[in-house]
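The structure appears right after this line, and notes come after that.
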2 protein chains.
Amino acid sequence: MIFTTKAEYGVRLLVELGRQSSESPVSLKAIAESEGLPLAYLERIVALLKRADLVESTRGAHGGYRLARSADTITMDEAVVALEGSVAPMACFVDDSDDGRVLCSHVEDGETCATKFLWLRVQGGVNDALRRTTLAELVDFSSRQAVPAGASPLGAALPIHTAA
Amino acid sequence: MIFTTKAEYGVRLLVELGRQSSESPVSLKAIAESEGLPLAYLERIVALLKRADLVESTRGAHGGYRLARSADTITMDEAVVALEGSVAPMACFVDDSDDGRVLCSHVEDGETCATKFLWLRVQGGVNDALRRTTLAELVDFSSRQAVPAGASPLGAALPIHTAA
DNA sequence: AAGTTTTCCTACCGCATTGGTAGGATTAGG
DNA sequence: CCTAATCCTACCAATGCGGTAGGAAAACTT
């Protein structure tokens, strides 16, 4: 159960675009160099973000990318779905209702097996965490890191472990 | 972001062992046939569960597997770790502190980048969901499914999608 | 009219992992 | 002994992932 680096790069890309959210677009080359990421790969990743309307592009010289909306209206839920496909803890969770055929043995006439019960719960946890995190929050966090005045911003961000 | 079917089979195996939690062990062959799962593959999976001390085995004829502890002391957190390795949303989260070298660019002198901030949050959500689900609960749920009296036990488990 | 900078698109490659099989050891019961 | 079971290892095909290569097409610059 792991996130791909595709998702990592994608989020870093979004954060970087969010930081320099002036009107002028930012070229991938600039981001690739400043972050030390492979440009060609980033191109393919940003294509996913564009397809999901999270990012706009301007072609040609002095072109580049910028956020399609303001950072506080972009949830990480959207970002991860755009980058990795649907956040489904099992392959059969992906919607194949057009087919009508149930590919897995989890569902039998509307019933739910114990495994699916668990997976749904996990999926809920993931989606919840992703949906309540906006890009604006990440951009903000990223900026605060440069100035280490705010002692431990992780404390507020992770009240999950402490609860249990 | 997906669970492997290895994890699915493993959990189904545990549930099945939990249901027939008499003293007599259950053979994999019996489970494989009743669940329609490939026996040879199950053998490899149950080995993971045994290595994690979730399951005990008796060899020879009339042998088989049984839970090493009572089902209400086994959390899905343990099960998934045993089956899939550590639940880490990024490859670099796995503990390689013995090496000393930081394999990813997320950590720089104790600082945390925005990406890791997000991943930690997600990981918290997953771990939380897994840790608060015991095998006993799944076994119980699985038994209740046979008798569809309890209308929708999922309602409590999935208040997430409806919110948005 | 070049030439340059960018986005865009597609194909390819090596590698790791996954789901699954095969074949055989070892242990215990009948 | 034979059989039923756990164990163990090697192997296989398929998939996906991270990454590269080689261009087009679009827009700005000179």
Side-chain angles (χ1 to χ4, degrees), chain A residues 1-13 17 24-33 35-52 54-66 68 80 83-86 88-92 94 103-105, chain B residues 1-13 17 24-33 35-52 54-66 68 80 83-86 88-92 94 103-105:
Chain A
M1 246 276 314
I2 231 160
F3 271 121
T4 60
T5 75
K6 180 166 56 177
E8 184 205 332
Y9 289 179
V11 172
R12 284 171 76 174
L13 228 159
L17 290 181
S24 60
V26 187
S27 80
L28 273 197
K29 195 181 174 190
I31 295 183
E33 281 173 356
E35 299 271 310
L37 303 179
L39 171 61
Y41 193 29
L42 280 191
E43 287 180 359
R44 265 170 43 192
I45 290 173
V46 84
L48 301 172
L49 296 174
K50 198 194 172 187
R51 210 168 303 155
L54 294 175
V55 143
E56 285 173 351
S57 63
T58 321
R59 298 180 70 161
H62 290 149
Y65 296 89
R66 61 185 127 14
V80 169
L83 292 164
E84 302 229 299
S86 69
M90 283 296 300
C92 58
V94 179
L103 292 180
C104 67
S105 53
Chain B
M1 247 278 312
I2 232 161
F3 270 121
T4 61
T5 75
K6 179 165 57 178
E8 183 205 331
Y9 289 179
V11 172
R12 283 172 76 176
L13 229 159
L17 290 181
S24 60
V26 186
S27 79
L28 273 197
K29 195 181 174 191
I31 295 183
E33 282 173 357
E35 300 271 309
L37 303 179
L39 171 62
Y41 193 29
L42 280 191
E43 287 181 358
R44 266 170 44 192
I45 290 174
V46 83
L48 301 172
L49 296 174
K50 198 194 173 187
R51 211 169 301 154
L54 294 175
V55 143
E56 286 173 349
S57 64
T58 321
R59 299 182 69 165
H62 291 147
Y65 296 89
R66 64 186 123 14
V80 169
L83 292 164
E84 301 231 298
S86 69
M90 283 296 302
C92 59
V94 180
L103 293 179
C104 68
S105 53

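So that the names make sense, note that chain A is the first sequence line, chain B the second, and so on, each numbered from 1.
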Between CG of B/L39 and C1' of C/dG20 the distance, given in whole Å, is 12 Å
Taking for A/Y41 and for B/A47 the nucleotide of DNA chain D with the nearest heavy atom, the one nearer the 5' end belongs to B/A47
Residue pair A/R51/A/H62 against DNA chain C: nearer the 5' end by closest nucleotide is A/H62
- Task: Could you tell me whether the phosphate oxygens of C/dG19, OP1 or OP2, come under 4.0 Å of any side-chain nitrogen or oxygen in B/T5?
- Result: yes
Can you find a side chain N or O atom of A/Y9 that sits less than 4.0 Å from OP1 or OP2 on D/dC17?
no
Nearest heavy-atom contact between A/G64 and A/P25 is C-CB, 3.5 Å
query: With no angle test and no hydrogens, is the base of C/dT6 tied to the side chain of A/R59 by a donor-acceptor pair under 3.5 Å?
result: no
Notebook entry, point to check: Side-chain N or O of A/K29 less than 4.0 angstrom from OP1 or OP2 on C/dT7?
Noted result: no
Out of C/dT7, C/dG29, D/dG18, minimum distance to the side chain of B/A61 belongs to C/dG29
Atom NZ of A/K50 and atom C1' of C/dC9 are separated, to the nearest Å, by 12 Å
Any donor-acceptor pair under 3.5 Å between the side chain of B/R44 and the base of C/dT18? no
Next on the checklist: OP1 or OP2 of D/dA4 versus the side-chain N and O atoms of B/S27: is any pair under 4.0 Å?
Outcome noted: no
